[in-house]
Amino acid sequence: MFVSYAFIAFIIGLVVVYYLIPRKWQWGLLLLASFGFYFFAGWTYLFYLVTTATTIYLAGLYFDLQDRNHERMRADASREQKKRLKAEFNRRKKVVMVLCLLLNLGILAVTKYTAFVVVNINRFLSPGSELNIPDLIIPLGISFYTFQAVSYLLDTYWGKCEVQRNYPKFLLFVSFFPQLIQGPISRYGDLSKTLYERHPFDRVQVGYGLQRVLWGYFKKLVIADRLMPAVSGLFDGAKGYTGGYVWIMMVFWAIVLYADFTGGIDITIGIAQMLGIRVEENFVRPFFSKNITEYWRRWHITMGTWFRDYVFYPFSISKPLRRLTTFSKNHFGMKVAKRVAVYLSTMVCWLATGIWHGAAWHFVAWGLVNGVVLLVTGELEPAYARFHGKHPGLTGSVGYKVFQVLRTFFLMCCIRLFDVYNSAKLAVHQFIHMFTDIFSCPVKGKELMSWGLTVTDYIIVGVGVLLMFTVSMCARREPVRVRLGRVPYVIRFVLFLGLFLATVMLGKYGAGLDATQFIYNAF
């Protein structure tokens, strides 16, 4: 959807009108644009989005009303009365919060996971008695806007952010179109700081945004879409492509996923920046991570922090888990009790993360494997610390840091086998045979050319990957766009003209510039 002539024309027209109209109307124009975007994507989707926005908006008003009533009534109350009033108002708020949470997560669950549940139930039923698989519409971006709205619901319930009393403005927060497709998952307290502001035209910020959009299209069209046929070819013949081909598949998929996902995020952040709106970063050079914990602090950041704040922490302090921790402490000691809370909370969090990614067992396996590896990494941290302490010269060297980065990269590639292959069993099979068949199934040059790519395609992808690596290296201290802002205008013009021409001439397109959709559209 982002990659079409219609969308590009839509953005150009929006930016022009946005800075021509009176500034007090700018947020209203964004609301109309967001609803127009969603309407043309599928007008029936609007029912789901408006239902989520309306119920959570009303819940926020109810929380605010209860808080104000509580403050008013407790002014002249005794200590005991204040205690009872607080308990009663908290109970009312909790009932509304739970009902609203169940409704909106229920909508997400029914639309996205009903078919998965029915298919698995049918496995236990006799032939002829199977349930029909319903043909339900999965609204565009439902996972992203539901999580964004739920974060507002819980933050207002906990008193962490102010309640938005203006219904159209809240609709804009939920429906802001650049991030509907694949995030980032914004928090109300962050996005609202600039979303409703009046923005004068800022040539520098519009330029920065345009540069980021162009960079996103380059990564998507020139790298991800060009290499994707090779990934599809390896996937289609999975059982026959073992040994060295699985290693190739892992690396290719890492490149495609990164270029595709970060390309889409670059377009989102760039569009928002052209409009004067700040959207949170979602990636910070994840492939430079030295361990898996660091990797997940750098990859899909807003998703990770969402599950941390709204799944891991609430579950870890829930009453059932506190009781289990107390039981473990009394019977097995404090060390075991501490681990019980951390282990269960981590596994529940990563189980939910896997399910959020898709209605399939291989996504469940992907989530659980990530959770297990993170827990093992945490247990090994004291051993790592002792090793680093005994060998400071080695562990502080550039070579050792490169080793850590490569180790983390290939560990994540292995875990990602559960992502790329649509069967957990097939992913395990491929993982085993990538080692057992390494010599019996070597990579052949003619096979590399059998997936629709030429030598020229591989060269273009290689140069593109090298360019991404160079940009990431240069951005360690400050954004590349800021660095380029200090070089002469002529050099900047030539560089961005070259990037534009490379994107136009080397990008993979379909009819009407309709390239393949972004991978995370499916989530």
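All values below come from the heavy atoms of this structure, side chains included, with hydrogens, waters and symmetry mates left out.
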Between [X] and [Y] (side chain of the first, backbone of the second, donor and acceptor by atom type, cut-off under 3.5 Å), is there such a pair?
{"X": "R285", "Y": "A475", "value": "yes"}
{"X": "N120", "Y": "F116", "value": "yes"}
{"X": "N282", "Y": "I301", "value": "yes"}
{"X": "R92", "Y": "F89", "value": "no"}
{"X": "Q148", "Y": "G183", "value": "no"}
{"X": "Y421", "Y": "V428", "value": "no"}
{"X": "S34", "Y": "F177", "value": "yes"}
{"X": "Y113", "Y": "I355", "value": "yes"}
{"X": "T146", "Y": "S143", "value": "no"}
{"X": "S328", "Y": "A337", "value": "no"}

Pick out which of K290, R297, R298 makes a side chain to side chain donor-acceptor pair (under 3.5 Å) with E294.
->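 Exactly one option meets the side chain to side chain donor-acceptor pair (under 3.5 Å) with E294, and it is R298.
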Test item: [X] and [Y] side chains (from C-beta on) under 4.5 Å apart, heavy atoms:
{"X": "L234", "Y": "V231", "answer": "no"}
{"X": "D64", "Y": "T156", "answer": "no"}
{"X": "W247", "Y": "V251", "answer": "no"}
{"X": "H357", "Y": "D419", "answer": "no"}
{"X": "V461", "Y": "F252", "answer": "no"}
{"X": "M434", "Y": "T242", "answer": "no"}
{"X": "V246", "Y": "H433", "answer": "no"}
{"X": "P178", "Y": "V279", "answer": "no"}

Check the surroundings of atom [atom1] in [X]: do more than 12 heavy atoms from other residues, nucleotides or ligands lie under 6.0 Å from it?
{"X": "E162", "atom1": "CD", "answer": "no"}
{"X": "R477", "atom1": "CZ", "answer": "no"}
{"X": "N132", "atom1": "CG", "answer": "no"}
{"X": "K169", "atom1": "NZ", "answer": "yes"}
{"X": "F387", "atom1": "CZ", "answer": "yes"}

Got a sec, which residues hit ring pair (Phe, Tyr, Trp, His ring centres under 6.0 Å) with F431, two or more places apart in sequence or on another chain?
->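 Partners of F431 under the ring pair (Phe, Tyr, Trp, His ring centres under 6.0 Å) test: F435.
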With sequence neighbours left out, what residues match F315 under ring pair (Phe, Tyr, Trp, His ring centres under 6.0 Å)?
->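 For F315, no residue satisfies ring pair (Phe, Tyr, Trp, His ring centres under 6.0 Å) once neighbours in sequence are set aside.
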Please work out whether the ring planes of [X] and [Y] are parallel, tilted or perpendicular, with thresholds of 30° and 60°.
{"X": "Y196", "Y": "W27", "value": "perpendicular"}
{"X": "F147", "Y": "F307", "value": "perpendicular"}
{"X": "F332", "Y": "F327", "value": "perpendicular"}
{"X": "F283", "Y": "F261", "value": "perpendicular"}
{"X": "W215", "Y": "F218", "value": "parallel"}
{"X": "H388", "Y": "Y384", "value": "parallel"}
{"X": "Y295", "Y": "F287", "value": "parallel"}

Is the distance between the ring centroids of Y38 and F35 less than 6.0 Å?
->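 Judged by ring-centre distance (under 6.0 Å), Y38 and F35 do not meet the cut-off.
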Close aromatic pair by centroid cut-off 6.0 Å: W296 and W350 =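 Ring centroids of W296 and W350 are less than 6.0 Å from each other.
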[X] and [Y]: side chain donor to acceptor below 3.5 Å:
{"X": "D155", "Y": "Y310", "answer": "yes"}
{"X": "S186", "Y": "Q179", "answer": "yes"}
{"X": "N104", "Y": "T55", "answer": "yes"}

Checking ring-ring contact (aromatic ring centres under 6.0 Å, His included) for the pair F288/F469: CA distance, chi angles, key distance, verdict?
-> CA-CA 10 Å; F288 288 83; F469 175 81; 5.8 Å; yes
Please lay out, stage by stage, how Y48 and Y45 fare under the test ring-ring contact (aromatic ring centres under 6.0 Å, His included).
-> CA-CA 6 Å; Y48 296 94; Y45 300 158; 7.7 Å; no
To check you understand the geometry: which heavy-atom pair defines the closest contact between [X] and [Y], and what is its length?
{"X": "L30", "Y": "L275", "answer": "CD2-CD1, 3.7 Å"}
{"X": "P392", "Y": "G389", "answer": "CD-O, 3.5 Å"}
{"X": "P184", "Y": "T268", "answer": "CD-CG2, 3.9 Å"}
{"X": "Q164", "Y": "Y188", "answer": "NE2-OH, 2.7 Å"}
{"X": "V150", "Y": "I56", "answer": "N-CD1, 3.9 Å"}
{"X": "Y145", "Y": "T52", "answer": "CE1-OG1, 3.9 Å"}

Trace of the ring-ring contact (aromatic ring centres under 6.0 Å, His included) decision for F418 with W361 = CA-CA 9 Å; F418 290 100; W361 287 112; over 10 Å; no
Test salt bridge (charged side-chain N to carboxylate O under 4.0 Å, His left out) applied to E478 and R476, step by step | CA-CA 6 Å; E478 62 179 341; R476 286 180 298 172; over 6 Å; no
Can you name the side-chain contact (heavy atoms from CB on, under 4.5 Å) partners of H362, sequence neighbours left out?
->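 Expected list: A360, N422, A424.
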Axial cation check for Y157 ring with K93, 6.0 Å and 45° limits |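 The answer is yes; both the distance and angle limits are met.
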